[in-house]
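Order of the sequence lines fixes the chain letters, A, B, ..., with proteins taken first and strands second; residue numbering starts at 1 for each chain.
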Number of protein chains: 2
Amino acid sequence: MTGLRSRRRSETAKDIQRAALSLIQRDGYDAVTTDAISRAAGISQRTFFNYYANKESALMGELPEISEQARAALLSGEGPAHRDLYRMMYFHTLGAMDKREELLVFVCLLNEHPQIFQLYLTRREQINRQLESLLAEKFPDLPEMMIKILADVMLNTGWAAIRCWLQTDTTLEAAFDNAWASLLDCLPLLLPTTQE
Amino acid sequence: MTGLRSRRRSETAKDIQRAALSLIQRDGYDAVTTDAISRAAGISQRTFFNYYANKESALMGELPEISEQARAALLSGEGPAHRDLYRMMYFHTLGAMDKREELLVFVCLLNEHPQIFQLYLTRREQINRQLESLLAEKFPDLPEMMIKILADVMLNTGWAAIRCWLQTDTTLEAAFDNAWASLLDCLPLLLPTTQE
DNA sequence: GCAAAATTTGCACACTATGCAAGTTGAACG
DNA sequence: CGTTCAACTTGCATAGTGTGCAAATTTTGC
């Protein structure tokens, strides 16, 4: 796929997402139909389904690729691990922007609409798997199970930080620091006791 | 709600799930409609939707309550933590049965149908939150963030163990031991280095 | 500029899902 | 046991979702 077609596809995908978000903010999630989104985006409803599987997918937009910035943020880091994680998630998941207001709208929708919550979980899982592949690169000698568990532990802590950030007045960086500290505080509960 | 009505409701929910699983195994997921499931379960399609939101929910059945056995398995344990986790998940999530064959069917469907995968993730999340409430009970003085992170770490390790169990010839107990060992092996990677 | 490939669109239609009212069943009470 | 009421099921209508298919349009390569 070449220049104009590729660019056109990206722009249309983005147009659809913007139309979805705008209509949903105006009319409420349940009142917005795929037909309305399509018209607002300037395409036919039939074409809508060439881009997105359903309404909530349109609302969330496309899964971001791992950018060079996000890769570098994690791979080049020599520690501490949570600094790497913060920078990776900042560039990748938040798209290097402080999109707090937009994300707050989104969290509201999440809490009210199970379909969106489901898709959010799927997105999270997909991003966790992306991180997993990065970690496999960073630690080429670790077994697969360890990579998977490490990715899950790190990313779930990161998501908890983002959620905390959205609910309090703290900075994103401080939220990551706090979540990480909580994780480290949990470790003694996981370690073998003297009884073992 | 009293005796017969309550029992009737449970049985009908179960009938629907069984019908869904049976039809899907026979005809393939995409070929089975909510109408077909309803007829096979002996109810109208309209009633189907009084029980389940959609086809994949019917396939997965209802979310199990935390049984006394599962509670006891986690709350009474004095360690090691992964023994508690194993016993809790055995009683709660696997329903105290070795349902390996049925779960293998399910894993196949998971990998082929995004809607089922999404619902699986939602189920996982719901069970994680159930574990979280149990942990809050077991450790009443821990802050909320720690409880949340601890629940995520433990349950994700448990899910990884179950997935491993389904893919290898190992026993479920050994799979939990291995996954837990992998988790402990990850901890040094998370701890602060001397540079901090 | 032309031919081929890629993409959009209109259309038909099956399936999903919900509101509503009529019919049926279970529970409570005398 | 009979009656009344609440809970549940069902039929029906209908809007929205989602897909296959072929014609129309746009982009690409030469």
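Of the two residues near DNA chain C, Asn54(B) and Gln45(A), the one whose nearest nucleotide lies more 5' is Gln45(A).
An OP1 or OP2 oxygen of dT9(D) is reached within less than 4.0 angstrom by a side-chain nitrogen or oxygen of Tyr51(B). Checking the phosphate oxygens (OP1, OP2) of dT17(D), a side-chain nitrogen or oxygen of Thr34(A) falls inside 4.0 Å. A sub-4.0 Å separation between OP1 or OP2 of dT10(D) and a side-chain N or O of Thr47(B) is present. A close approach under 4.0 Å does not occur between any side-chain nitrogen or oxygen of Tyr52(B) and OP1 or OP2 of dA17(C).
Note: NE2 (His113(A)) to C1' (dA17(C)) measures 16 Å, nearest angstrom. Distance Phe48(A) CZ to dT19(D) C1': 14 Å, rounded to the nearest Å. For Arg9(A) and dT27(D), the CZ to P distance is 15 Å, given to the nearest whole Å. One interatomic measurement links the two molecules: CD of Gln115(B) to P of dT16(C), which rounds to 11 Å at whole-angstrom precision. The separation between Asp30(A) atom CG and dT17(D) atom P is 11 Å, rounded to whole Å. When the P atom of dT24(C) is taken as reference, atom CG of Leu4(B) falls 18 Å away, rounded to whole Å. Nucleotide dC11(C) holds its C1' atom 14 Å from the CG atom of Asp35(A), rounded to whole Å. Here dT28(D) presents its C1' atom at 14 Å from CZ of Arg7(A), a figure rounded to the nearest Å.
At least one cation-pi condition fails for Arg39(A) and Phe48(A): the charged atom is not both under 6.0 angstrom from the six-membered ring centre and inside a 45 degree cone around its axis.
One cannot find a donor-acceptor pair under 3.5 Å joining the base of dT28(D) and the side-chain atoms of Arg5(A). For dG20(D), its base sits under 3.5 Å from the side chain of Arg46(A) at one donor and acceptor pair at least. You won't find any donor-acceptor pair under 3.5 Å spanning the side chain of Arg8(A) and the base of dT26(D), going by distance alone.
Proximity of Trp159(A) to Arg163(A): side-chain heavy atoms (C-beta onward) are nowhere separated by under 4.5 Å.
Closest to the Phe49(A) side chain, of the nucleotides dT19(D), dT28(D), dA17(C), is dT19(D).
Between the side chains of Glu56(B) and Tyr29(B), at least one donor N or O lies within less than 3.5 Å of an accepting N or O. Asp15(B) and Thr12(B) are not linked by any side-chain donor-acceptor pair at a separation below 3.5 angstrom, with hydrogens and angles left out of the test.
Taking a 6.0 Å sphere around CD of Glu144(B), one finds it holds 12 or fewer heavy atoms contributed by other residues, nucleotides or ligands.
Contact annotation for Asn50(B): base contact, defined as any heavy-atom pair under 4.0 Å involving a base atom.
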